[in-house]
Amino acid sequence: MRLTASAICGTDLHTIRGTLGPMEKGTILGHEGVGIVEEVGKEVRNFRPDDRVVMGSTIACGYCSYCRAGYYAQCDHANPNGPQAGTAFYGGPKDSGPFHGMQAERVRVPFANVNLVKVPEGVSDDQAILISDIFPTGYFGAEIADVCAGRTVAVFGCGPVGQFTIASAKLMGAGRVIAIDTIASRLEMARSQGAEVIDFNAEDPVKAIQEMTGGIGVDRCIDAVGVDANQPHSGPGKPSLAQRAQFKVEGKMVAPKTSPVGGNWEPGDAPSQVLQWMVEAVAKAGTLSIIGVYPETAKIFPIGAAMNRNLKINMGNCNHRRYIPKLLDLVRNGTVDPSKILTQVGPLTSALDAYKNFDKREDGWIKVELDPQPVPARAA
Ligand SMILES: [Zn+2]
Ligand SMILES: [Zn+2]
């Protein structure tokens, strides 16, 4: 593939910090890409050079029982470390393959007959790049939350995936969407999509939700934050969300540790603040959906409160390939314009600065597209 668009994702920040496990030195980062087919392997019967395509972030074989059931993220064959090794994806830690990623001029796509989807006429690169990962992930989050007509849905986290979760909940007919974050530009974008917004630093989100719902709570809660359930952007002297949070573990109140490198929440010792809030903000017998990324080492979930309130919990890595064709159609027919989420588009060579600004959650930095400089097609 010759890439014409790539992007930086929140997951890349975990990758570079090692939150998701160690990297193999030299692995190229990035798991979102749009481009042009340069060359196909002999088993690729459905694409040929010059086809314009988008790649899903996760890698699937297309023929195992999981892929056939639509659980592409649980494919038995794509991860060379074996069927129990976890989701295979581009530009990730050792355990995820590793596969070279898409913050590059070219990329090799395994099982290309399954992992490429043709971009229809009329869908731009700026639109298609968002269908590589974050739009499908948001859609998946709303789908596994069982959002349907009339439901009141709370979306925790208004980053890029959270924005698409809001859009997807609305597509599925949600009656009300409540969006929780603290960054002004992210809350503003959520509001412009019709969400009712809560700044969790200005008020207690659980209390606010109770008040907004007549004391019942919301029907569905979606975690679009994951392991980043703190504020690496909170600045010196200002405690992060994780630092402020206190949790009961084995009867003792403990504050979760924060990592010295990036201010990230260190998994394993306490539930994330977001999960705690969700369990408290959802109505009895409601449904929780978790699409924010957690490392396998994260162990503790507020199980007692969830069990005693008869909650349903669905979660996982997005099965990208399952949603990409449908979402491309929604974009082509004008139902959704995902490129509204893009706040920065720069050359691939500006990646280092883009990573820094995105990591700081600079106000106004929501989604960054990186464009490789046009590279000449390889001579046949
Ligand atoms: Zn991603
Ligand atoms: Zn498979």
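Just so you know, ligand 1 is whichever comes first in the structure, and atom 1 is the first atom listed for that ligand. Each residue takes its place number in the sequence, starting with 1. Worth saying up front: this structure is predicted, and the values here are computed from it rather than measured.
- With the Zn ion (ligand 1) at the apex, His31 NE2 and Asp133 OD2 define an angle of roughly 110° (rounded to 10 degrees).
- Expressed to the nearest 10°, the angle at the Zn ion (ligand 2) joining SG in Cys75 with SG in Cys61 is 100°.
- With 2.8 Å as the limit, His77 does not count as an N, O or S neighbour of the Zn ion (ligand 2).
- Cys67 contributes SG and Cys64 contributes SG; the angle these two atoms make at the Zn ion (ligand 2) is 110°, rounded to 10°.
- The hydrophobic clustering, which links ILVMFWY residues whose side-chain heavy atoms are closer than 4.5 Å, places Phe140 and Val155 together.
- Residue Leu187 is tested with Ile198, Asp181, Ile180, Thr182 for a side-chain contact (heavy atoms from CB on, under 4.5 Å); the sole match is Asp181.
- From Lys360, atom NZ reaches atom OH of Tyr355 across 16.0 Å, with rounding to the nearest 0.5 Å.
- At most 12 heavy atoms of other shown residues, nucleotides or ligands fall within 6.0 angstrom of atom OH in Tyr71.
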